[in-house]
Amino acid sequence: MKVFVVLALFVATASAGFVTPSDQAVHPRDLAAILAQPEGIQGRITNGKEATEGQFAYQIGLNFSSRGGGWWCGGSLIDNNWVLTAAHCTSGATGVTVYLGSTVRTNPKLSYTVDSRNFVQHKSYNSLTLANDISLIKIPSVSYSRYISNIALPKISSSYSTYSGVNAIASGWGLISDSAIAVNSKLQYAQLQVIDNSVCAKTYGPLTVTSKTICTATPSGTSTCSGDSGGPLVADGVLIGVTSFVSRAGCQSGAPAGFVRVTYFLDWIRQNSGVAS
């Protein structure tokens with residue numbers, strides 16, 4: 001039955017005139033295991049710049065735990081009580097330590113630990129197609145400051161914007177290297193230009209790149225990568241994307257980087273958190 005469904009999807013996309021994808025999208029969280037290169041492109045915004053203290057007050061660090069181990073993701077503070085991140089980050093986790101106001105990853109101004117009962121993961125998240133890769137995390141109320149503040153959600157009126165050609169900023173932390181030389185894990189950021197979904201679909205196909213997706217170009221190997229999952233993509237002070245996928249070939253491959261399109265999920269965010277744009 002599963003083979004039939006996959007074949008039917010292939011026939012449907014082919015008959016609609018779509019180009020066969022040239023690459024495979026994977027979640028940044030999964031990329032390091034695929035490449036097995038701890039000193040290579042794992043765990044950072046590749047070719048990014050170091051952030052200064054308070055520059056990205058909305059940036060959240062998320063240290064997830066599970067019965068099988070732990071992993072690091074990013075997130076965005078959208079309200080005093082709510083963090084927006086990726087479903088592939090919350091998936092399988094039993095709890096998370098939330099870092100707020102950090103520039104150095106392990107030195108937050110404030111931190112909370114909450115369990116998975118505080119997660120609102122999209123019920124239709126699909127780890128195969130990467131669809132609906134979005135989650136909310138409820139945290140104790142925080143007071144805003146120079147170092148901790150929310151990021152605005154897009155207005156409903158911008159729901160039909162493609163953002164194509166817009167310059168946006170992605171941010172996130174690098175993981176400490178497995179090599180003998182320790183790497184200073186400071187917050188990194190990079191400016192990335194949004195590209196049209198039709199261009200991105202030539203790489204990943206129309207089953208991955210949909211109206212729920214935003215893609216950016218990755219010139220000179222500048223891209224999101226493992227450890228940046230769930231983190232923000234911001235344009236003109238507004239959260240337009242959540243870090244979701246990169247190329248299986250690696251973050252520096254030159255293939256587009258993929259994000260959840262926040263405008264598509266504004267109703268979902270409001271219904272599950274009460275936070276409105």
Side-chain angles (χ1 to χ4, degrees), residues 2-3 5-35 37 41-42 45-47 73-74 85-89 91 122 124-135 161-168 170 172 190 192-233 235 240-265:
K2 187 179 294 185
V3 173
V5 172
V6 172
L7 180 59
L9 287 171
F10 176 80
V11 171
T13 54
S15 63
F18 291 114
V19 178
T20 302
S22 61
D23 206 339
Q24 182 180 350
V26 296
H27 291 314
R29 174 185 158 192
D30 301 327
L31 185 62
I34 294 170
L35 297 177
Q37 293 179 345
I41 61 175
Q42 175 186 353
I45 285 189
T46 55
N47 296 318
C73 281
T85 188
H88 77 268
C89 289
S91 181
H122 200 290
S124 298
Y125 166 59
N126 188 315
S127 61
L128 296 178
T129 64
L130 316 186
N132 305 304
D133 185 22
I134 193 166
S135 284
S161 174
T162 66
Y163 296 108
S164 184
V166 168
N167 289 319
L192 304 171
Q193 187 175 65
V194 178
I195 60 175
D196 195 85
N197 274 10
S198 62
V199 176
C200 192
K202 292 178 181 178
T203 299
Y204 300 119
L207 298 183
T208 297
V209 181
T210 70
S211 58
K212 304 176 183 181
T213 310
I214 283 180
C215 293
T216 66
T218 61
S220 304
T222 302
S223 177
T224 52
C225 203
S226 175
D228 295 322
S229 290
L233 182 70
I240 65 170
V242 175
T243 302
S244 180
F245 62 85
V246 292
S247 167
R248 185 182 179 89
C251 309
Q252 294 174 310
S253 66
F259 302 81
V260 173
R261 184 180 293 272
V262 174
T263 52
Y264 189 93
F265 293 95

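Computed from a predicted structure; not experimentally measured. For the numbers below, each heavy atom of this structure counts, side chains included, while hydrogens, waters and symmetry mates do not.
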Is there side-chain contact between [X] and [Y], with heavy atoms separated by less than 4.5 Å?
{"X": "Thr263", "Y": "Tyr163", "value": "yes"}
{"X": "Ile134", "Y": "His122", "value": "yes"}
{"X": "Leu233", "Y": "Val242", "value": "no"}

Can you measure from [atom1] ([X]) to [atom2] ([Y]) and round to the nearest 0.5 angstrom?
{"X": "Leu207", "Y": "Asn126", "atom1": "CG", "atom2": "CG", "result": "10.0 Å"}
{"X": "Ser244", "Y": "Arg261", "atom1": "OG", "atom2": "CZ", "result": "12.5 Å"}
{"X": "Cys89", "Y": "Asp133", "atom1": "SG", "atom2": "CG", "result": "7.5 Å"}

### Task
Verify side-chain contact (heavy atoms from CB on, under 4.5 Å) between Val199 and Cys215, making sure each step is shown before the conclusion.
CA-CA 9 Å; Val199 176; Cys215 293; over 6 Å; no

### Task
Would you tell me whether Asn132 and Ser124 have side-chain atoms, one donor and one acceptor, within less than 3.5 Å of each other?
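The answer is no; no qualifying pair exists.
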
### Message
Can you see whether Ser229 engages His88 through a side-chain donor-acceptor pair at a distance of less than 3.5 angstrom?
### Response
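Short answer, yes.
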
### Query
Is a donor on one side and an acceptor on the other found under 3.5 Å between the side chain of Thr208 and the backbone of Gly205?
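No, Thr208 side chain to Gly205 backbone: no donor-acceptor pair under 3.5 Å.
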
### Task
For side-chain contact (heavy atoms from CB on, under 4.5 Å), just list the numbers for Thr216 and Phe259, CA-CA rounded to whole Å, side-chain angles, deciding distance to a tenth of an Å, and then say yes or no.
CA-CA 8 Å; Thr216 66; Phe259 302 81; 3.6 Å; yes

Which atom names give the shortest non-hydrogen contact between [X] and [Y], and what distance separates them?
{"X": "Ala257", "Y": "Thr218", "answer": "N-CG2, 3.8 Å"}
{"X": "Val209", "Y": "Cys200", "answer": "CG2-SG, 3.7 Å"}
{"X": "Leu192", "Y": "Ala170", "answer": "CD1-CB, 4.0 Å"}
{"X": "Ser164", "Y": "Ile195", "answer": "OG-C, 3.9 Å"}

Residues forming a side chain to side chain donor-acceptor pair (under 3.5 Å) with [X], sequence neighbours excluded:
{"X": "Asn197", "answer": "none"}
{"X": "Asn167", "answer": "none"}
{"X": "Ser135", "answer": "Thr90"}

#### Entry: CA sep, side-chain torsions, deciding dist, call: Asp228, Thr243, side-chain hydrogen bond (donor to acceptor under 3.5 Å, both in side chains)
CA-CA 7 Å; Asp228 295 322; Thr243 302; over 6 Å; no

### Task
Could you tell me whether Phe245 and Tyr204 have their ring centroids closer than 6.0 angstrom?
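Distance test on ring centres: under 6.0 Å, yes.
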
### Query
Should we count OH of Tyr125 as having more than 12 external heavy atoms under 6.0 Å?
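Check passes, neighbour count above 12.
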
### Candidate pair Ile240 and Val262, rule side-chain contact (heavy atoms from CB on, under 4.5 Å), full reasoning
CA-CA 5 Å; Ile240 65 170; Val262 174; 5.6 Å; no

### Message
Determine whether Val246 and Thr224 satisfy the following criterion, side-chain contact (heavy atoms from CB on, under 4.5 Å), listing intermediate values before the conclusion.
### Response
CA-CA 7 Å; Val246 292; Thr224 52; 3.7 Å; yes

